[in-house]
Amino acid sequence: PPDLLTADAPERLRRGGVPSTGASGVRRKSLHRGRPLGARSGDPRAGGRLDLVETLRAAVPWAEIRRRAATSERHVHGRGPDPARPSIRRADLRVKRFAQPSESLTIFVVDASGSAAFHRLAEAKGAVELLLSRAYARRDQVAVIAFRRAPSPSTPPAELLLPPTRALARAKRALAALPGGGATPLADGLCAAADLAEKALRHGATPTVAVLTDGRANIALDGRPNRAQAAQDAASAAKRLATLRIRACVIDTSPRPREEARNLASAMAARYEPLPYSCVSALTDVVQAARDG
């Protein structure tokens with residue numbers, strides 16, 4: 001649906017004033033480059049660029065009044081500004097404004113645990129591959145994070161399979177090589193997504209997080225198999241993502257919609273969508289709508 005994110009986003013997110021988007025992400029205001037937005041009052045010494053025409057336009061209506069004041073001051077005190085020269089004051093100064101599109105980064109967080117592999121992992125891989133192709137066509141960056149508890153202790157519970165890139169072939173290879181099985185360290189996957197999203201925000205990019213999971217966590221952040229603690233850790237990590245005020249969606253990959261995944265989406269301030277059995281390509285529309293806002 002076209003209102004995937006905005007329809008169900010909490011009021012505090014809509015109040016945040018998310019700027020409009022283009023093909024490359026959110027348009028961020030800049031003082032130096034981008035699409036012109038017009039001028040505003042300001043001091044060029046603070047880092048902006050002087051808009052000479054708008055500055056003169058602001059000063060012209062006061063020219064006659066200032067000329068008379070300068071003439072009177074010279075007549076009374078014998079000194080003062082030259083009435084023949086144009087008078088430009090600090091309140092007249094105007095600086096240029098620009099809107100600069102930022103890069104868009106879609107972060108796919110894929111549950112590769114045993115339950116996901118048993119149910120829908122192959123189908124989720126196919127859907128993510130379609131999304132990767134769409135992102136490549138738009139020249140967006142993509143990243144893939146997979147989380148599962150692997151048999152080898154040297155393998156991290158949440159692994160960045162693909163750092164932000166536009167290389168479609170590399171993305172497909174990383175996704176195809178993703179094995180399934182093991183327990184579900186959901187909190188580790190969400191924390192890894194939050195770390196990557198924060199890094200993207202610091203670099204001026206516009207991240208979107210798409211989490212594909214059934215929502216059932218059974219490995220806590222400390223690595224112990226504890227369902228209750230794992231659920232609490234996952235909720236805390238989801239709230240951390242919500243505080244970033246970024247676009248996000250949770251795709252429920254279980255055979256039937258589960259309350260755990262729905263609660264996860266609520267904690268993330270994200271849109272919840274079950275993965276349809278009948279049409280895998282419908283998932284591409286869900287995440288694309290979240291990315292477009």
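All values below come from the heavy atoms of this structure, side chains included, with hydrogens, waters and symmetry mates left out.
For D92 (side chain) and R89 (main-chain N/O), a donor-acceptor pair under 3.5 Å exists by modelled atom type.
Listed here is the closest heavy atom pair of D233 and A220: OD2-CB, 3.4 Å. Closest of all the heavy-atom pairs between A58 and P61 is O-CD, 3.6 Å. Counting all heavy atoms, side chain and backbone alike, A242 lies closest to A269 at CB-CB, 4.0 Å. The heavy-atom pair separating G189 from V109 by the smallest distance is O-CG1, 3.9 Å. Closest approach of P44 and L50 over heavy atoms only: CG-CD1, 3.8 Å. Across S254 and R258, no two heavy atoms sit closer than the pair OG-CG, 3.2 Å.
From L105, atom CG reaches atom NE2 of H203 across 11.5 Å, with rounding to the nearest 0.5 Å. Here CZ of R97 is found 14.0 Å from CZ of R49. Values are rounded to the nearest 0.5 Å. Rounding to the nearest 0.5 Å places CD1 of I251 at 10.0 Å from CZ of F108. In this structure, the separation between CZ on R68 and CZ on R66 is 14.0 Å, given to the nearest 0.5 Å. For the atom pair CG (N263) and CE (M268), the distance works out to 13.0 Å, reported to the nearest 0.5 Å. Residue K96 holds its NZ atom at 9.0 Å from CG of L52, rounded to the nearest 0.5 Å.
Applying the side-chain contact (heavy atoms from CB on, under 4.5 Å) test to A192 and every residue at least two apart in sequence or in another chain returns I145, A158. Residues meeting the side-chain contact (heavy atoms from CB on, under 4.5 Å) test with P163, sequence neighbours left out: L160, R170. Scored by the side-chain contact (heavy atoms from CB on, under 4.5 Å) test, A231 finds no partners at all (sequence neighbours excluded).
Put simply, L212 and L161 are part of the same group of oily side chains (I, L, V, M, F, W, Y) that touch within less than 4.5 Å, one to the next. Residues L93 and L56 share a hydrophobic cluster, clusters being chains of Ile/Leu/Val/Met/Phe/Trp/Tyr side chains in contact below 4.5 Å.
Taking 4.5 Å as the limit, every side-chain heavy atom of L196 sits out of range of all side-chain heavy atoms of P207. By the 4.5 Å heavy-atom criterion applied to side chains, L264 and L186 are counted as neighbours. S41 is listed as a side-chain neighbour of R94, based on a closest heavy-atom distance under 4.5 Å. Looking at D252 and R262, their side chains never come closer than 4.5 Å, going by heavy atoms from C-beta outward. Between D195 and R240, some side-chain heavy-atom pair lies under the 4.5 Å cut-off.
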Handout entry: Verdict with supporting geometry, E260 and D214, side chain to side chain contact (heavy atoms under 4.5 Å, CB included)
Key = CA-CA 7 Å; E260 293 94 331; D214 57 9; over 6 Å; no
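The only member of L190, I219, D111, L221 that meets side-chain contact (heavy atoms from CB on, under 4.5 Å) when paired with P185 is I219. If you run side-chain hydrogen bond (donor to acceptor under 3.5 Å, both in side chains) between S113 and each of T213, N218, T184, only T184 comes through.
Within 6.0 Å of the CZ atom in R166, the count of heavy atoms belonging to other residues, nucleotides or ligands exceeds 12.
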